[in-house]
Amino acid sequence: MFRHTLRAATAAAALCPTLASAQHHPPVTAPTPSPAPRPAPGDADTMDHGAMGHAAVAQDAAPTFHGHTGMNHVMPAVTASAAWRDASDDALAHAPVGAAMGGMTMGTAAGWYTPGSGTARNPAGEGPMRGAMLHAGNWMVMTHGYAWAMATDQGGRRGGDGAYVQSMAMVMADNDLSDRVHLQLRGMGSLEPAMGARGYPNLFATGETANGRALVDRQHPHDLFMELAARVDYRLGGDTSLFVYAAPVGEPAMGPSAFMHRGSARYLPMSPITHHWFDSTHITYGVLTAGVSAPKLQLEGSWFKGREPDERRWGFDPVRLDSWSVRGTWTPSPYVALQVSHGRLKEPEALHPGEDEDRTTASMQYARAGLATTLAWSRKDRQPGDLLDAFLAEATYELTPRHAVFARVENVANDELFPDHDDPLHDRRFRVTKAEAGYAYRLPIVGPLGVALGGTVAAYAKPAALDAAYGDSPVSWTLFAKFAVGL
């Protein structure tokens, strides 16, 4: 089976410029390796991986993943086997030049998986997290972000049109405080509140409010503060650790990685119309998560605020802990991540006071050689209220470092399409399907900065009872230019 290294190199040795030029790095076998020269603080790590080969690692040589250990420590570790490393390298060969640095894995992942949003996991086959890597003293820092300009016409009688810019900026910083204790700090924000409270048009999307009224056929903007969190891991040995994640604003252990942080949705411009079934907790004002993380299994539980963010997007909501969730994630191979989660949310919707929600999700992510897919199911069980199921299937295939195609199909039972109490269709449940597909042409600009130019077309299936409001066969289109650090 798989060989494990007995000792990982220091991050200084792992980030030595002479090593950064190779896609596969020689294993560290000496029990006390001599530290390599440390690059000057603030220097960015760059790599033209498009010109690199992907030679196989010898069966008797365990690859050394660049775990972000403290610069002055030689940490005992069990890095992921050659199969996991090769899966990550194969994905990187399909990414735009400069989008990520081979072999880099944040936190204590050690190459066994790719970290997702909050404490979620993505398959190692998605490749390393994309962005710019740099080091400042003993800290390893990863930055990522985008400004995503879009023009859309959502079609039909209720579909709006317009132009807008989605945005996100993210910083992660890692350091070992001791041989056993690892600290990660995370910050994420957005300028989307500048859109205004009503956000942007997104046919059949519902959830949250603007100016005291329910948002329907529109997607609300993200908050200025999307995540401010700290995670502490206590290593037990063999890449197994106990961890605590604490955040005045962050993401509890609920559902798969949020849509902005999974490869299958990398170039899909619209948030899913199932967003409030799978992702609505990805901005939560008050999160405390604890769990155990092993190379192939993670079990965790969260205590968090159930109410979704209010419509004052520039501000900081009061922190409260009144809801809970549990999640198990299994990554049995480099290509697969399976998760199941369940939680009780206290009054999540402002317009439904006194109505709690039991939410259950299950998902499978598969990623290999430029292909990233997600299949997911979620059920809302309102207390009191109806059962509302949602299904999602999405995929992105990076054909080459320039060309990518992608698609998403969603099916959801929604009873919020007619919020007016005087409407005869108020509170009626309708099952709607959305199918969207698109293409992106990726162009590196400089270093990790690049742009993706593309567009999508979407069509819908719905009950005939909705024809009067939405038209017989609405069709949506969107054109975009996504400027991103870590395209």
Side-chain angles (χ1 to χ4, degrees), residues 1-5 8 62-63 65 67-68 75-88 91 105-129 174 180-182 184 231-245 250-258 261-264 278 281 287-303 324-343 359-368 372-378:
M1 292 293 291
F2 304 124
R3 270 255 174 104
H4 302 300
T5 51
F65 268 86
H68 298 285
M75 294 300 307
V78 179
T79 56
S81 75
W84 268 256
R85 179 57 177 269
D86 288 346
S88 180
T105 179
M106 300 300 287
T108 56
W112 291 104
Y113 57 91
T114 297
S117 60
T119 56
R121 293 182 171 189
N122 293 326
E126 281 198 7
M129 296 182 72
D174 284 81
R180 289 192 176 271
V181 179
H182 181 87
Q184 181 179 88
R231 171 171 170 161
V232 177
D233 283 76
Y234 181 81
R235 294 183 179 90
L236 301 176
D239 279 345
T240 297
S241 63
L242 302 176
F243 70 89
V244 174
Y245 168 96
E251 180 178 332
M254 172 70 71
S257 188
H261 301 275
R262 55 182 187 250
S264 58
F278 294 105
T281 56
V287 181
L288 184 62
T289 301
V292 57
S293 174
K296 297 183 182 181
L297 182 66
Q298 181 166 286
L299 301 174
E300 55 191 323
S302 294
W303 191 23
W324 60 267
S325 67
V326 291
R327 178 169 64 190
T329 306
W330 184 36
T331 49
S333 84
Y335 311 113
V336 175
L338 304 166
Q339 75 81 31
V340 176
S341 57
H342 178 77
R359 185 180 300 178
T360 305
T361 79
S363 65
M364 179 182 76
Q365 293 171 262
Y366 177 84
R368 186 168 192 165
T373 67
T374 298
L375 299 175
W377 164 83
S378 178

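All values reported here derive from a predicted model rather than from experimental measurement. By convention here, the first residue in the shown sequence is residue 1.
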Can you name the closest pair of heavy atoms from [X] and [Y] and give their distance?
X	Y	answer
M106	P115	O-CG, 3.9 Å
S81	W112	N-CH2, 4.1 Å
R121	L297	NH1-N, 3.6 Å
H342	T360	ND1-OG1, 2.7 Å
W330	K296	CD1-O, 3.0 Å

**Study point:** Heavy-atom side-chain proximity of D174 to H182 below 4.5 angstrom
**Key:**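 A side-chain contact under 4.5 Å exists here.
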
Review point. Got P334 and S88 here, is their nearest side-chain heavy-atom distance under 4.5 Å?
Key: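 No, their side chains stay 4.5 Å or more apart.
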
Can you list everything that forms a side-chain contact (heavy atoms from CB on, under 4.5 Å) with [X]? Sequence neighbours excluded, please.
X	result
T240	L236, V292, A294, P295
V336	P332, S333, L338, M364, Y366
P123	E126, A337, Q365, A367

Quick check: does any side chain N or O of [X] sit under 3.5 Å from a backbone N or O of [Y], one acting as donor and the other as acceptor?
X	Y	result
W303	L288	no
R180	Y234	no
T114	G127	yes

Side chains of [Y] and [X]: any donor to acceptor distance under 3.5 Å?
X	Y	value
R359	S325	no
S117	S257	yes
S341	T361	yes

Output all residues satisfying side chain to side chain donor-acceptor pair (under 3.5 Å) with [X], sequence neighbours left out; order by chain, then residue number.
X	answer
Y245	E227
T289	S302
S363	Q339
T119	E300, R327

Check your understanding: Out of curiosity, F278 CZ to T374 OG1, how far, rounded to the nearest 0.5 Å?
Key ->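 One gets 10.0 Å once the value is rounded to the nearest 0.5 Å.
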
Check your understanding: Is it true that atom CH2 of W377 has more than 12 heavy atoms of other residues, nucleotides or ligands lying nearer than 6.0 Å?
Key ->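 More than 12 heavy atoms, drawn from other residues, nucleotides or ligands, come within 6.0 Å of this atom.
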
Exercise for review: Could you tell me whether W324 atom CH2 has more than 12 heavy atoms of other residues or ligands within 6.0 Å of it?
Suggested key: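 Correct, the count exceeds 12.
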
Review point. Taking only residues two or more places apart in sequence or in another chain, which ones pass salt bridge (Lys or Arg N to Asp or Glu O under 4.0 Å) with R262?
Key: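 Once residues adjacent in sequence are excluded, the partners of R262 under the salt bridge (Lys or Arg N to Asp or Glu O under 4.0 Å) criterion are D279, E394.
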
